[in-house]
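Heads up, the thing below is written out as structure tokens.
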Amino acid sequence: MHETGGGGGGTMSADPQDYTIIKEGEAEILMRKNEVFYNPSQVDNRDMSIAVLRTFISKRKQEHEAYLLKRTKAATKASEKDSSEPAGEAADESLTNDEEANRECEVSEEVHQDEPCSISKELVKTLEGKGRGELKPARVLEALAASGLRSLRYAREIEGIGQVVAVDNDKVSVEACKRNIKFNGSVACSKVEPHLADARVFMLTHPKEFDVVDLDPYGAPSVFLDSAVQSVVDGGMLMCTATDMAVLCGSSGEVCYSKYGSYPSRGKYCHEMALRILLACIESHANRYKRYIVPVLSVKMGFYVRVFVRIYTSASAMKNTPLKLSYVYQCIGCDSFHLQPIGRTMSKNNSVRYLPGFGPAVHQECSDCGKKFNMGGPIWSAPIHDQEWVTSILADMKSMQDRYPAYARISAALTNVSEELPDVPLFVSLHSLCATLKCTSPSAVIFRSAVINAGYRISGTHVNPLGLKSDAPMDVIWDIMRCWVKNHPVKAQPPDQPGSVILAKEPVLQANFARAVASLSKAQAKKVTRFLPNPERHWGPKLRAGRKITSKHVSLLGPQALNGTVDHEDEEPTAKRQKAQEPSTNS
């Protein structure tokens with residue numbers, strides 16, 4: 001169960017001349033051809049993780065200081081009271097269990113200047129007795145370490161990390177990791193600790209021990225999630241990658257359901273839905289242990305999705321989970337989709353009741369084109385980013401651009417994320433709308449202006465350059481397109497086509513296509529590059545370690561990857577046919 005799929009066996013030479021030295025960031029590793037998995041295109045993933053980790057460590061320190069300040073206030077107030085209770089007990093009673101578990105979320109951000117300059121010795125002892133007076137350096141677990149490159153970069157490049165535990169269940173990978181740790185010097189040797197173990201067993205036997213757990217498997221992470229959510233401390237972070245995009249995007253819905261507990265819809269928004277399916281799956285595993293997640297960043301990058309979530313423990317807060325999940329109804333004839341929340345709340349006096357969501361959200365037939373709906377989900381329908389975090393990550397990255405090999409790509413992705421509407425799940429594609437109606441496409445600026453002039457919000461999405469997020473309902477979207485088609489007529493279509501049915505209705509809303517001030521985002525107005533091409537050909541997924549590279553892999557790896565070591569498996573059938581034909585020709 002390693003990121004890498006292991007590699008063939010054999011004794012490894014420690015002579016660096018037998019290996020290729022690969023440098024990424026401040027780390028260097030020794031690699032031998034396809035012995036241990038390494039994918040250069042994952043530099044985006046590693047850079048993004050380092051950027052998020054730096055912000056996490058900074059915020060972790062701020063939250064700890066604020067938490068200590070809050071406890072100091074409570075202890076000071078208790079000591080000033082003329083009470084028979086000891087100050088320590090009063091201070092303890094001032095915090096409920098939920099506040100203790102979720103101190104990172106609930107501490108006050110205001111620091112008053114009139115705080116006392118000194119604290120009594122009794123109060124100091126009280127605070128120290130709780131064991132929270134000093135913040136220990138963060139412990140990181142890389143559950144699927146492979147060559148150890150990611151662990152080495154964490155240890156060498158991020159201040160505030162005390163230990164990185166690199167786990168893999170493949171002997172070849174662990175030996176390579178040990179070799180690379182030694183090759184990177186004393187800092188790596190003192191901080192990175194390799195282990196040969198099954199990641200699931202290791203995490204289960206180390207509950208709530210790691211501030212950060214990083215899962216970056218080759219394929220689906222679903223089998224690791226149950227143990228991962230138990231291994232993270234309260235307020236800690238789980239970083240998780242999924243590369244099985246074909247499954248998550250709907251090519252095999254039943255497989256996705258068996259792995260993630262959600263059924264995907266094959267819409268233009270499928271990659272964002274993949275993110276939301278993964279988040280819903282992590283939340284489901286966390287809920288089994290009275291825990292819940294708070295996403296800080298969720299991105300689709302290249303051929304995979306990556307989510308960064310914080311994990312907290314609270315039985316009461318966990319009750320809000322049904323409010324964050326929804327089913328998706330996707331019309332099979334047009335681009336209309338609708339969300340059905342699983343739960344709702346009802347407030348009466350000071351109490352809150354949790355109830356099932358109202359339904360159905362749609363009729364049997366689409367109100368726009370008359371076709372049926374496919375049902376998908378459940379997905380995470382709450383925000384998938386924390387915009388404050390995104391802003392902090394971007395600012396931190398800009399201050400040290402030279403330390404990120406993939407700075408241009410990840411800053412472009414984060415810029416797009418920072419401009420997304422945070423409370424609007426999924427999106428529509430302007431080109432897909434026009435394809436349904438068989439009409440010419442308005443420019444994105446014109447369409448966005450029409451939505452804004454109608455009184456709704458609209459933004460782009462980091463997932464798709466042509467995607468548009470909006471809180472406008474689908475009937476408003478189609479009314480805008482009907483008004484566009486009136487000014488730009490289309491050829492007659494068969495009356496049973498979805499586009500014909502949609503255009504047969506008169507628009508209720510009269511669209512205003514006048515240029516709106518907010519029709520361009522800040523990045524677009526400043527002409528900031530938001531989507532970058534791949535830096536080279538064959539930039540994407542790679543073979544598992546140990547797999548033989550054959551001529552059929554040229555399209556994936558490129559001809560230079562063969563280097564004359566082609567395994568001519570694809571030529572065997574031809575040779576067999578020739579042998580089979582020889583007896584017949586002789587007779």
Side-chain angles (χ1 to χ4, degrees), residues 249-251 253 263-273 326-340 358-377 379 424-456 458 460-461 463-514 519:
C249 291
S251 67
Y263 211 96
S265 297
R266 301 195 70 175
K268 292 295 182 181
Y269 50 70
C270 62
H271 293 101
E272 181 179 332
M273 191 171 186
S326 298
Y327 287 99
V328 181
Y329 292 91
Q330 172 65 57
C331 176
I332 63 174
C334 65
D335 294 272
S336 297
F337 66 87
H338 304 271
L339 268 62
Q340 166 70 65
F358 286 124
V362 295
H363 298 291
Q364 282 286 325
E365 297 178 347
C366 177
S367 59
D368 296 308
C369 72
K371 300 293 184 181
K372 299 286 187 180
F373 285 98
N374 280 336
M375 186 175 173
I379 65 168
V424 177
L426 309 182
F427 59 87
V428 295
S429 168
L430 182 55
H431 285 195
S432 185
L433 294 174
C434 296
T436 300
L437 301 180
K438 304 292 192 295
C439 68
T440 58
S441 176
S443 69
V445 172
I446 291 177
F447 184 81
R448 290 168 71 130
S449 296
V451 173
I452 294 169
N453 292 333
Y456 298 95
I458 190 168
T461 171
V463 172
N464 188 332
L466 303 175
L468 294 170
K469 283 179 170 288
S470 177
D471 57 353
M474 287 306 304
D475 54 354
V476 171
I477 298 292
W478 287 120
D479 274 351
I480 291 174
M481 294 306 300
R482 290 185 187 104
C483 294
W484 171 259
V485 170
K486 282 193 172 184
N487 298 329
H488 303 80
V490 298
K491 294 180 180 179
Q493 303 174 42
D496 60 338
Q497 292 293 313
S500 300
V501 176
I502 292 171
L503 293 176
K505 301 175 183 177
E506 284 296 317
V508 177
L509 169 76
Q510 295 302 318
N512 177 10
F513 293 103
S519 59

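Count residues from 1 along the sequence.
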- Kindly compute the distance separating CG (Leu430) from CG (Leu466), expressed to the nearest 0.5 Å. 8.0 Å
- Does Trp478 reach the side chain of Asp335, with side-chain heavy atoms less than 4.5 Å apart? yes
- Query: Is a side-chain N or O of Gln510 found less than 3.5 angstrom from the main chain of Ile480, in a donor-acceptor match?
  - Reply: no
Acceptor/donor pairs from residues 361-375 side chains to any protein atom, 3.5 angstrom cut, sequence neighbours excluded:
{"from": "Asp368", "atom 1": "OD2", "to": "Ser336", "atom 2": "OG", "distance (Å)": "2.8"}

- Query: Going by heavy atoms in the side chains, are Tyr269 and Phe337 under 4.5 Å from each other?
  - Reply: yes
- Do side-chain atoms of Arg482 reach the backbone of Ile502 as a donor and acceptor pair under 3.5 angstrom? yes
- One should read off an interatomic distance between Met474 CE and Cys334 SG, to the nearest 0.5 angstrom, of 6.5 Å
- Do Leu503 and Val490 come within less than 4.5 Å of each other through their side chains, counting heavy atoms only? yes
- Message: Using only atom types and a distance under 3.5 Å, with no angle test, would you say the side chain of Ser449 pairs donor to acceptor with the backbone of Val445?
- Response: yes
- Query: So Cys249 and His271, side-chain contact (heavy atoms from CB on, under 4.5 Å) or not? Walk me through it.
  - Reply: CA-CA 6 Å; Cys249 291; His271 293 101; 3.7 Å; yes
- Measure the spacing between CG of Leu509 and CG of Asp475 and express it to the nearest 0.5 Å. 9.0 Å
- Note on the structure: Nearest heavy-atom approach of Val476 to Ala472 is CG1-CB, 4.2 Å
- Working to the nearest 0.5 Å, report the span between CE of Met273 and NZ of Lys268. 15.5 Å
- Tightest non-hydrogen contact, residues Met481 and Cys439, listed as CE-SG, 4.0 Å
- Query: Between Pro507 and Lys486, what is the shortest heavy-atom contact and its length?
  - Reply: CD-NZ, 3.8 Å
- Task: Apply salt bridge (charged side-chain N to carboxylate O under 4.0 Å, His left out) to Lys438 and list each qualifying residue two or more places apart in sequence or on a separate chain.
- Result: none
- Check whether any side-chain N or O of Lys469 sits under 3.5 Å from a backbone N or O of Phe427 as a donor-acceptor pair, and report yes or no. no
- For the pair Gln493 (side chain) and Leu437 (backbone), establish whether a donor and an acceptor sit closer than 3.5 Å, ignoring hydrogens and angles. yes
- Query: Which pair of heavy atoms, one from Gly250 and one from Pro264, lies closest together, and at what distance?
  - Reply: CA-CG, 3.5 Å
- Item | Residues forming a ring-ring contact (aromatic ring centres under 6.0 Å, His included) with Phe513, sequence neighbours excluded | Trp484
- Message: Under a 3.5 Å distance rule, please check whether Asn512 uses its side chain to pair with a backbone N or O of Asn453 as donor and acceptor.
- Response: no
- Item | Donor-acceptor contact below 3.5 Å, side chain Thr461 vs main chain Val463 | yes
- Query: From Leu426 CG over to Leu339 CG, what is the distance, rounded to the nearest 0.5 angstrom?
  - Reply: 6.0 Å
- What is the distance from atom OG of Ser441 to atom NE2 of His488, rounded to the nearest 0.5 Å? 10.5 Å
